[in-house]
Amino acid sequence: MRRPARPPVLRDVRGRLRRWRRVLRHRGPQGVRARRWTLRSLAAVRADLARAGMSARCAAPVPALPGWSRVVVERTLREQDATCLQRCLVLQAWFAAHGRTAEIVVAVPHAAQPEFSAHAWIRGYDRDEHDRYRELTVLRP
């Protein structure tokens with residue numbers, strides 16, 4: 001006899017708990033702090049982008065964490081399906097707190113597309129996309 005399927009809410013909670021445990025096991029309490037900061041920062045950036053548009057910034061103070069915890073920040077941003085601009089704004093704040101300036105390049109495709117699309121990346125950190133995109137603006141910290 002088959003067991004009844006678990007409700008989706010319970011599966012989602014278990015998945016989140018599993019991710020937190022994995023971070024704690026592999027990265028320790030500092031990794032958990034980095035993940036918590038990333039989740040708060042991403043929520044703040046999403047709200048600020050909706051309210052202020054391109055003048056949005058990540059206002060959440062970055063905790064004193066080692067540079068390696070950027071790996072946790074990147075993984076959390078991927079898990080949360082952050083857009084390229086949201087990702088760049090959070091990472092820009094992270095780099096600024098660790099003494100590195102990061103310019104965000106916002107660009108549109110060279111070729112005309114039926115729908116408007118744009119892309120953002122951090123100059124000198126992410127892969128340069130100038131071969132496919134035309135630069136519109138640069139967001140400095």
Side-chain angles (χ1 to χ4, degrees), residues 2-141:
R2 287 180 45 182
R3 289 184 1 194
R6 290 192 174 89
V9 173
L10 185 59
R11 283 194 306 257
D12 186 46
V13 170
R14 285 186 174 183
R16 278 188 272 149
L17 285 173
R18 197 174 306 118
R19 285 189 289 273
W20 280 104
R21 270 185 267 150
R22 184 177 60 232
V23 170
L24 182 59
R25 184 173 56 244
H26 294 294
R27 300 294 181 172
Q30 292 178 328
V32 171
R33 285 180 55 212
R35 180 174 171 78
R36 190 177 305 131
W37 173 82
T38 306
L39 292 171
R40 276 197 309 261
S41 299
L42 183 59
V45 163
R46 285 177 172 161
D48 202 23
L49 277 171
R51 184 178 56 255
M54 290 298 288
S55 61
R57 292 289 180 263
C58 179
V62 181
L65 292 170
W68 61 258
S69 52
R70 179 186 43 79
V71 174
V72 176
V73 173
E74 289 269 11
R75 178 175 288 144
T76 305
L77 289 169
R78 266 193 313 274
E79 286 174 1
Q80 296 298 311
D81 293 326
T83 65
C84 54
L85 183 57
Q86 293 166 353
R87 176 187 163 276
C88 287
L89 288 169
V90 171
L91 284 175
Q92 185 181 48
W94 180 264
F95 286 138
H98 288 85
R100 182 174 163 193
T101 59
E103 294 182 335
I104 299 173
V105 178
V106 180
V108 293
H110 286 296
Q113 292 186 351
E115 292 182 18
F116 177 79
S117 66
H119 183 52
W121 65 88
I122 296 177
R123 183 175 284 154
Y125 177 70
D126 294 324
R127 189 173 76 101
D128 195 336
E129 300 276 355
H130 278 101
D131 55 335
R132 294 180 14 209
Y133 292 92
R134 182 173 46 93
E135 186 175 309
L136 283 180
T137 187
V138 176
L139 304 176
R140 292 178 174 80

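Sequence positions, counted from 1, serve as the residue numbers for this chain.
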Practice task
First locate atom NE2 of His98, then atom CG of Leu91, and finally report the distance between them rounded to the nearest 0.5 Å.
Solution key: 11.5 Å
Completion exercise
Separation between CZ (Arg123) and CZ (Arg140), nearest 0.5 Å, reads 7.0 Å
Handout entry: Val90 vs Trp37 side-chain heavy atoms within contact, under 4.5 Å
Key = yes
Exercise for the section: Measure the CD-CH2 distance between Glu135 and Trp121 for me, rounded to the nearest 0.5 Å. Expected result: 7.0 Å
Handout entry: Trp94 to Pro66 - nearest heavy-atom pair and separation
Key = CZ2-O, 3.9 Å
Handout entry: Atom pair CD (Glu79) and CZ (Arg35), whose distance is rounded to the nearest 0.5 Å
Key = 4.5 Å
Problem - Spacing of Leu139 atom CG and Gln92 atom CD [to the nearest 0.5 Å] - result: 7.0 Å
Practice task
Output the distance between atom CZ (Arg127) and atom CD1 (Ile122), rounded to the nearest 0.5 Å.
Solution key: 15.0 Å
Handout entry: Which atom of Ala93 lies closest to which atom of Val62, heavy atoms considered
Key = O-CG2, 3.7 Å
Completion exercise
For Ala120, the side chain to side chain contact (heavy atoms under 4.5 Å, CB included) test, sequence neighbours excluded, returns Cys84, Leu85, Cys88, Ile104, Val106
Handout entry: Any side-chain heavy-atom pair of Tyr133 and Val105 under 4.5 Å
Key = no
Exercise for the section: For Arg100, look at atom CZ and say whether over 12 heavy atoms of other residues, nucleotides or ligands are found less than 6.0 Å away. Expected result: yes
Problem - Student check: side-chain heavy atoms of Met54 and Leu136 closer than 4.5 Å - result: no
Handout entry: Exam field: side chain Ser69 to backbone Val72, donor-acceptor pair closer than 3.5 Å
Key = no
Exercise for the section: Using a 4.5 Å cut-off on heavy atoms from C-beta on, say whether the side chain of Leu42 contacts that of Thr76. Expected result: no
Exercise for the section: Please name all residues satisfying side-chain hydrogen bond (donor to acceptor under 3.5 Å, both in side chains) with Thr38, sequence neighbours left out, ordered by chain then number. Expected result: none
Handout entry: Residue pair Val108 / Ala118: nearest heavy atoms and the distance that separates them
Key = CG1-CB, 4.3 Å
